[in-house]
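Have a look at the structure below, then the notes.
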Amino acid sequence: MSYKSGDTDNPVKPLKWYKKLAAGKWRLAAEAFLAEGERAISQIATNSPDRIIEILSTRSLPACFSGYPSRPVTEDQLRYISSSKTPQGIIAVVRMPMETCSAELPPHTGKRVLLLEDIQDPGNLGSLIRTAAAFDFSGVILTQKCADPFSPKVVQSAAGSLLSLWIRRTSSYIKLAETLKNNGYEIIAADLNGTEDPSALQKPQKLLLALGNEAAGLSQEILKTAGYRIKIPIMDEKAESLNVAACGAICMYLSCS
């Protein structure tokens, strides 16, 4: 059953209902996820105020949250619900954008899009989404093998940025990449075997930046669609490679500056 806004009128919703939102199947059924911490919730309230369904807190809510349905909880109750080792005293139930599961691009894709192929570490995925939002990317395309973008660790790492851009998680990501390419997007792939220096590239008007799996990198299918394969020069004798979140941050900065 999806969690409609009217459900917040029921003060006896069991605490285990909120705790179950840590599981992907339950999130899909409820069409909701949890966001923790005042700063992250404030970010969501700024970008998507209508998606906050309810706020649970151990203390009086700040004035900026006064218009939302709320439920007071004890610290023990919050710890029971929270997936964090150190809960921050406030949790929001947020309506999930179900179009994330669509295999179609949104009507307005924007000028910068990030494609993430099989990024399985939730911390890396959340950090990349947060970085993309910070560098004004409009959207992120994820493969089905990527971590669930609404899982607790991804939400925590994204720090409230999940709803600052559109997200598509689909097995049809190659098709979406080709569609963007046909619509004038330059595809730039981060590749350990790449030959182009990212700092020397012309900044494209419309960009699709592709980053691959932490161990395997990008697939040949994506590499074949790319107009450029870039490699960030590093001291190989000191470090074998960069973490994908660090690589992504550098590539996004260079593509925007």
Side-chain angles (χ1 to χ4, degrees), residues 2 24-25 27-33 35 43-44 47-48 50-51 94-155 157-190 204 206-214 216-219 221-226 244-245 248 251-252 255-256:
S2 63
K25 290 183 179 180
R27 285 194 298 274
L28 284 174
E31 298 181 10
F33 67 97
Q43 187 73 48
I44 293 172
N47 290 287
S48 303
D50 59 332
R51 289 198 175 273
V94 184
R95 185 172 291 106
M96 185 187 300
M98 297 306 291
E99 61 270 19
T100 297
C101 302
S102 171
E104 301 294 330
L105 291 166
H108 304 288
T109 52
K111 293 184 177 180
R112 298 182 187 127
V113 178
L114 182 66
L115 188 151
L116 302 177
E117 189 176 44
D118 302 353
I119 303 296
Q120 296 175 345
D121 182 88
N124 284 337
L125 182 60
S127 295
L128 285 163
I129 292 172
R130 179 181 182 180
T131 304
F135 286 118
D136 199 27
F137 276 62
S138 299
V140 182
I141 298 171
L142 308 176
T143 64
Q144 289 285 17
K145 291 183 179 179
C146 280
D148 184 337
F150 301 105
S151 66
K153 289 185 179 180
V154 175
V155 175
S157 297
S161 297
L162 273 177
L163 302 182
S164 299
L165 32 63
W166 57 262
I167 298 175
R168 294 292 185 271
R169 187 181 186 216
T170 173
S171 59
S172 300
Y173 67 99
I174 299 291
K175 177 185 174 182
L176 298 189
E178 291 173 344
T179 298
L180 290 172
K181 185 175 183 178
N182 291 336
N183 289 336
Y185 283 74
E186 187 70 67
I187 300 181
I188 297 178
K206 295 198 292 186
L207 165 69
L208 175 63
L209 175 64
L211 300 168
N213 174 266
E214 293 89 341
L218 286 166
S219 67
E221 287 182 290
I222 284 293
L223 291 174
K224 287 176 182 177
T225 68
V244 66
C251 290
M252 282 185 264
S255 68
C256 300

Side chains of [X] and [Y]: closer than 4.5 Å at any heavy-atom pair?
| X | Y | result |
| --- | --- | --- |
| Ser255 | Phe137 | yes |
| Ile222 | Tyr173 | yes |
| Cys256 | Asp136 | no |
| Arg27 | Pro152 | yes |
| Ser157 | Val154 | no |

Could you measure the distance from the [atom1] atom of [X] to the [atom2] atom of [Y]? Nearest 0.5 Å is fine.
| X | Y | atom1 | atom2 | result |
| --- | --- | --- | --- | --- |
| Lys224 | Ile187 | NZ | CD1 | 14.0 Å |
| Glu117 | Ser219 | CD | OG | 3.5 Å |
| Leu211 | Ile119 | CG | CD1 | 6.5 Å |
| Thr179 | Lys175 | OG1 | NZ | 6.5 Å |
| Leu208 | Leu180 | CG | CG | 5.5 Å |
| Lys25 | Asp148 | NZ | CG | 12.5 Å |

Side-chain donor-acceptor pairs of residues 124-133 under 3.5 Å, sequence neighbours excluded:
unit_1: Asn124; atom_1: OD1; unit_2: Asn243; atom_2: ND2; d: 3.2
unit_1: Asn124; atom_1: ND2; unit_2: Glu214; atom_2: OE2; d: 3.3
unit_1: Ser127; atom_1: OG; unit_2: Gly123; atom_2: O; d: 2.9
unit_1: Thr131; atom_1: OG1; unit_2: Ser127; atom_2: O; d: 2.8

Could you report the tightest heavy-atom contact between [X] and [Y], atom names first, then the distance?
| X | Y | answer |
| --- | --- | --- |
| Ser138 | Gly110 | OG-CA, 3.3 Å |
| Ala177 | Leu115 | CB-CD1, 4.0 Å |
| Glu178 | Thr225 | CG-CG2, 4.4 Å |
| Pro204 | Ile188 | CG-CD1, 4.3 Å |
| Leu218 | Ala190 | CD1-O, 3.5 Å |
| Arg95 | Phe33 | O-CE2, 4.1 Å |

Which donor-acceptor pairs under 3.5 Å do side chains of residues 96-109 form with protein atoms, sequence neighbours excluded?
unit_1: Thr100; atom_1: OG1; unit_2: Pro97; atom_2: O; d: 2.9
unit_1: Ser102; atom_1: OG; unit_2: Glu104; atom_2: N; d: 2.9
unit_1: Thr109; atom_1: OG1; unit_2: Tyr185; atom_2: OH; d: 2.6

Would you check if the side chain of [X] reaches a backbone N or O of [Y] as a donor-acceptor pair within less than 3.5 Å?
| X | Y | answer |
| --- | --- | --- |
| Ser48 | Ile44 | no |
| Arg169 | Gln144 | yes |
| Asn213 | Asp118 | yes |

Q. So does Lys181 have more than 12 non-hydrogen atoms from other groups sitting under 6.0 Å from NZ?
A. yes
Q: Just do the side-chain contact (heavy atoms from CB on, under 4.5 Å) check on Leu163 and Val94 with the steps written out, would you?
A: CA-CA 10 Å; Leu163 302 182; Val94 184; 3.8 Å; yes
